[in-house]
> 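Quick one: structure below, then a few questions.
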There are 2 protein chains.
Amino acid sequence: MPTKKHAQFITAVQEAADQPLNQDVLLSLVGYNCRRSYLKIIPPFEKRLNKFDLRVVDFSVLSLLKANPNITQKRLSKAISVSPPNLANLLDRLEERGLILRQRNPLDKRSQTLLLTPEGMRMCAKAETTAIDLETEATAMLSAPEREQLLRLLQKVFLPADDAEQAG
Amino acid sequence: MPTKKHAQFITAVQEAADQPLNQDVLLSLVGYNCRRSYLKIIPPFEKRLNKFDLRVVDFSVLSLLKANPNITQKRLSKAISVSPPNLANLLDRLEERGLILRQRNPLDKRSQTLLLTPEGMRMCAKAETTAIDLETEATAMLSAPEREQLLRLLQKVFLPADDAEQAG
DNA sequence: TATTGTTATACTCTATAACTATA
DNA sequence: TATAGTTATAGAGTATAACAATA
């Protein structure tokens, strides 16, 4: 039915196809841009971590335990925003693989403290090297000052004001 | 068993509990910081969108269709990184609610072009207002130039070099 | 009574394979 | 033969409720 309306529709479709995508509104939102950058960086990182049979969240746990031996599951849970049930499961697997140790907290027997095993330390070191390598590649389009600035601004968004001043 | 080793363990646990969490390695990684900022911003946004029965991804679709009427599902799928099967499902629900229209592409009958209905336009306008309001609150710790700088640096990470120059 | 951690389970999100129709 | 979109389904990730042990 070659009506006038139909002809207008064809023109509109043709025009839409010819134009570059306009995403001005979304690109003005920090949340959207964080997500896009995250999705650009993380998949290749996941791919490399898979060689160690680690997921990104496993890496976060190992890295935090390396820097904070003997912290409790409670603190770890809060730090990485993983709920206690899901963290229990995650730690089960790391423990079965001999990467971490769970010990009853002698100061409060309800809780458990966490520690990397020697093998966990080695695994963490390898994973951290991988992370830093990939980081360098993924942000190669940024100058060193730009990269520092980006970290500073992101941390200003999510860290409490006090911490943000201390950090990096 | 109050052995020497046990006493050392107690001391170590006490020390770990007293110290602030050290996350220097993670905080040096852009990907980690993007995720943390994203997780700070998005949950309150989700909460507000829920009042319109929208998820964040629904909002992205509405906003993109408002700015790009008559684009195909294929282009939309790529733009928001949602796989075709999952997008089909998402669009089904928006179409059932009368927010969007799917039309056979007259220039290639394999594809479908997308359009907001008048009600979809109204819903999108409300959601965009919500997004911008929340954005202002969520990034209140940044000065206007800092906010612009943050957007610029994030886009430099995920946009192709050409686009990054144009945007902003 | 409140807290730490666990188990079991449900829900959402994402990914994959096979199919239809158009080109 | 290749592409756009759909259906069905599987898998991963996340959230919730009920419970045991300890405080």
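All of these numbers come straight from a predicted model, not from anything done at the bench.
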> Give a yes or no on whether a salt bridge exists between B:Arg152 and A:Glu146, defined as a side-chain N under 4.0 angstrom from a carboxylate O.
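Salt bridge flag = yes for A:Glu146 with B:Arg152.
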> If I take atom CD1 in residue A:Ile71 and atom C1' in nucleotide C:dT4, what distance separates them, rounded to the nearest angstrom?
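Going from A:Ile71 (CD1) to C:dT4 (C1'), I get 14 Å.
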> Counting any heavy atom closer than 4.0 Å, what does B:Asn86 reach on the DNA or RNA strands: base, sugar-phosphate only, or nothing?
base
> Go through the side-chain N and O atoms of A:Ser63 and A:Glu128 and say whether any donor and acceptor fall under 3.5 Å apart.
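Checked: A:Ser63/A:Glu128 side chains pair up, N/O donor to acceptor below 3.5 Å.
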> Which nucleotide wins on minimum distance to the side chain of A:Lys74, given the candidates D:dA8, C:dT4, D:dG5?
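The answer is C:dT4, which lies nearest to the side chain.
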> Are the side chain of B:Arg35 and the backbone of A:Tyr38 linked by a donor-acceptor contact shorter than 3.5 Å?
no
> Choose from C:dT4, D:dA4, D:dA23 the nucleotide whose nearest atom is closest to any side-chain atom of A:Ser111.
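The nucleotide sitting nearest to the side chain is C:dT4.
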> Report which part of the nucleic acid B:Asp92 touches: base, sugar-phosphate, or nothing (heavy-atom distance under 4.0 Å, all strands).
sugar-phosphate
> If you only use heavy atoms from C-beta on, which nucleotide in D:dA4, C:dT6, D:dA15 is closest to the side chain of A:Ser83?
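Nucleotide nearest to A:Ser83's side chain: D:dA15.
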> Can you tell me the distance, in whole Å, between the NZ atom of A:Lys109 and the C1' atom of D:dA20?
16 Å
> Go nucleotide by nucleotide along DNA chain D from the 5' end; which of A:Ser81 and A:Asp108 gets its closest nucleotide reached first?
A:Ser81
> So what does A:Asn89 touch, heavy atoms closer than 4.0 Å: a base, only the sugar-phosphate, or nothing?
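No contact.
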> Using atom CG of A:Leu87 as one end and atom P of C:dT7 as the other, report the distance to the nearest whole Å.
13 Å
> Are side-chain N/O atoms of B:Ser111 and B:Asp108 paired as donor and acceptor at under 3.5 Å?
no
> Using atom CG of B:Leu107 as one end and atom P of D:dT3 as the other, report the distance to the nearest whole Å.
19 Å
> In whole Å, what is the span from the CD1 atom of A:Ile42 to the C1' atom of C:dT14?
16 Å
> So what does A:Arg104 hit on the nucleic acid, given a heavy-atom distance under 4.0 Å: a base, only sugar-phosphate, or nothing?
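The residue A:Arg104 makes no contact with any strand.
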> Check every strand shown and say whether A:Arg102 touches a base, only sugar-phosphate, or nothing at a heavy-atom separation below 4.0 Å.
sugar-phosphate
> Of the candidate nucleotides D:dG5, C:dT7, C:dT14, which contains the atom at the shortest distance from the side chain of A:Arg35?
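Of all the options, the side chain of A:Arg35 is nearest to C:dT14.
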> Would one find a side-chain N or O of A:Gln73 under 4.0 angstrom from OP1 or OP2 of C:dT6?
yes
> Can you list the steps and then say if B:Phe59 with B:Phe45 is a ring pair (Phe, Tyr, Trp, His ring centres under 6.0 Å)?
CA-CA 10 Å; B:Phe59 163 72; B:Phe45 184 37; 5.4 Å; yes
> Please classify the nucleic acid contact of B:Arg55 as base, sugar-phosphate, or nothing, using heavy-atom distances under 4.0 Å.
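Sugar-phosphate: the residue B:Arg55, judged by heavy atoms under 4.0 Å, touches backbone atoms but no base.
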> Could you give the CD1-to-C1' distance, from A:Ile80 to D:dG13, as a whole number of Å?
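In whole Å, D:dG13 C1' and A:Ile80 CD1 are 13 Å from each other.
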> Starting from P on D:dA4, measure out to NZ on B:Lys78 and report it in whole angstrom.
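In whole Å, D:dA4 P and B:Lys78 NZ are 10 Å from each other.
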> Rounded to whole angstroms, how far apart are CZ on A:Arg110 and P on C:dT4?
6 Å
